[in-house]
Amino acid sequence: MKRDVETSEGYDLCALGVSEDSIARPTIKLSPNDPDCAPVTVVFTDFPGLKIRLGKWNEEPFPDCGCDACNEDVDEEIAYMTELFESVVSGGFLEAIRIPRFGDGLVGSAFSEPDMPMTESERSDILEWRKGGRNPFTVFSESVLTSYERLSERGVKRSKALEMTGGQLNLEYDWKPWPRRRQSPNSESEL
């Protein structure tokens, strides 16, 4: 039976900017068979521990730093990672790159709370950003009335941004929910 999500494992998968010497065990990539669903890649590092790519460009280290001075709480890190995964799996994740005619690019991503999906209006506003409107990541971060749990944006050198988009000046991914497991009549999950 064909699975809805394929699992790949190996040292030759995307290393997310982690040096080969720092990879502690084989990388794992979860790839939904539907290309409209965001893939997830997990790299196990010797320090700080994990680096995770959600979708095409969003990368998160766990813990964020790992040094003794920062002393991140393990339970908080696990909760945060779980929220991100739930947002991706539920379709509450989108990301976009905008590269102006002159200057560097801007990569943005938004995650909704798993139990409060993005509204169509919020999705529309974010995707309008690629047409040159006001940056919605700034608009929504200033707003109290938003379902976004986390918004981020970062600058990317123009040459790198063009490489990331394959030469396109605007590119967005409005990721769909992953397929749900089907329940059999006796309440057992079918794969």
Side-chain angles (χ1 to χ4, degrees), residues 4-6 8 13-17 27-43 51-62 64 80-180:
D4 291 323
V5 178
E6 298 296 326
S8 307
L13 293 175
C14 174
L16 306 182
T27 297
I28 295 174
K29 184 172 185 179
L30 303 173
S31 304
N33 287 325
D34 182 345
D36 292 332
C37 299
V40 174
T41 304
V42 180
V43 177
K51 195 162 185 186
I52 300 173
R53 176 176 284 163
L54 304 158
K56 293 279 188 184
W57 307 299
N58 187 279
E59 295 179 5
E60 302 282 340
F62 288 94
D64 190 37
Y80 178 56
M81 185 186 319
T82 301
E83 288 175 14
L84 291 177
F85 275 96
E86 288 176 352
S87 291
V88 169
V89 170
S90 69
F93 171 51
L94 58 88
E95 55 188 340
I97 292 183
R98 179 170 169 237
I99 308 168
R101 289 187 186 163
F102 304 102
D104 293 335
L106 183 66
V107 177
S109 61
F111 294 87
S112 68
E113 293 183 35
D115 58 346
M116 187 168 24
M118 287 182 219
T119 66
E120 287 305 314
S121 173
E122 289 171 329
R123 282 186 187 280
S124 175
D125 287 345
I126 284 212
L127 297 176
E128 278 294 311
W129 170 62
R130 75 184 218 23
K131 296 178 183 170
R134 184 166 179 227
N135 184 342
F137 299 102
T138 302
V139 171
F140 286 130
S141 65
E142 293 170 353
S143 171
V144 178
L145 303 172
T146 178
S147 63
Y148 294 115
E149 173 70 18
R150 182 171 181 283
L151 299 158
S152 68
E153 59 181 73
R154 63 185 163 91
V156 178
K157 292 284 184 197
R158 184 178 186 80
S159 59
K160 178 67 176 170
L162 287 167
E163 178 184 316
M164 292 165 70
T165 65
Q168 296 181 53
L169 296 181
N170 299 301
L171 188 59
E172 75 273 336
Y173 289 93
D174 185 4
W175 298 108
K176 292 184 180 174
W178 284 20
R180 291 255 192 227

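If you read the sequence from its start, that first residue is 1, and numbering goes on from there.
- The ring pair (Phe, Tyr, Trp, His ring centres under 6.0 Å) test applied to Trp57 returns Tyr173, not counting sequence neighbours.
- Smallest separation of non-hydrogen atoms from Cys37 and Pro177: SG-O, 3.1 Å.
- For the atom pair CG (Asp104) and CZ (Arg98), the distance works out to 13.0 Å, reported to the nearest 0.5 Å.
- With sequence neighbours excluded, the residues forming a salt bridge (Lys or Arg N to Asp or Glu O under 4.0 Å) with Lys176 are Asp36, listed by chain and number.
- Contacts of Val5 classified as side chain to side chain contact (heavy atoms under 4.5 Å, CB included), with partners at least two apart in sequence or in another chain: Leu30, Pro32, Trp178.
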Trace of the side chain to side chain contact (heavy atoms under 4.5 Å, CB included) decision for Phe111 with Asn58: CA-CA 11 Å; Phe111 294 87; Asn58 187 279; 3.7 Å; yes
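- Shown here for Phe93 and Ser109, the closest heavy-atom pair between the two residues is CE1-CB, 4.0 Å.
- Residues that satisfy the side chain to side chain contact (heavy atoms under 4.5 Å, CB included) test with Glu6, not counting sequence neighbours, are Arg3, Asn33.
- Residues Thr27 and Thr41 share a closest heavy-atom pair of CG2-CG2, 3.6 Å.
- When side chains are defined from C-beta on, Met164 counts as touching Val107, because their heavy atoms get closer than 4.5 Å.
- Under the 4.5 Å side-chain criterion, counting only non-hydrogen atoms from C-beta, Ser87 is not in contact with Trp175.
- Among residues two or more places apart in sequence or in another chain, the ring pair (Phe, Tyr, Trp, His ring centres under 6.0 Å) test is passed with Phe85 by none.
- When all heavy atoms of Gly105 and Ala161 are compared, the closest pair comes out as CA-CB, 4.2 Å.
- With sequence neighbours excluded, the residues satisfying side chain to side chain contact (heavy atoms under 4.5 Å, CB included) with Leu169 are Ile99, Arg158, Leu162.
- Although no hydrogens or angles enter the test, the distance criterion places no donor-acceptor pair under 3.5 Å between the side chain of Glu60 and the main chain of Met81.
- The two residues Leu106 and Gly155 come nearest to each other via the heavy atoms CD1-N, 4.2 Å.
- Note: Glu86 CD to Glu83 CD = 7.5 Å, rounded to the nearest 0.5 Å.
- The shortest side-chain heavy-atom distance between Leu84 and Phe62 falls under the 4.5 Å cut-off.
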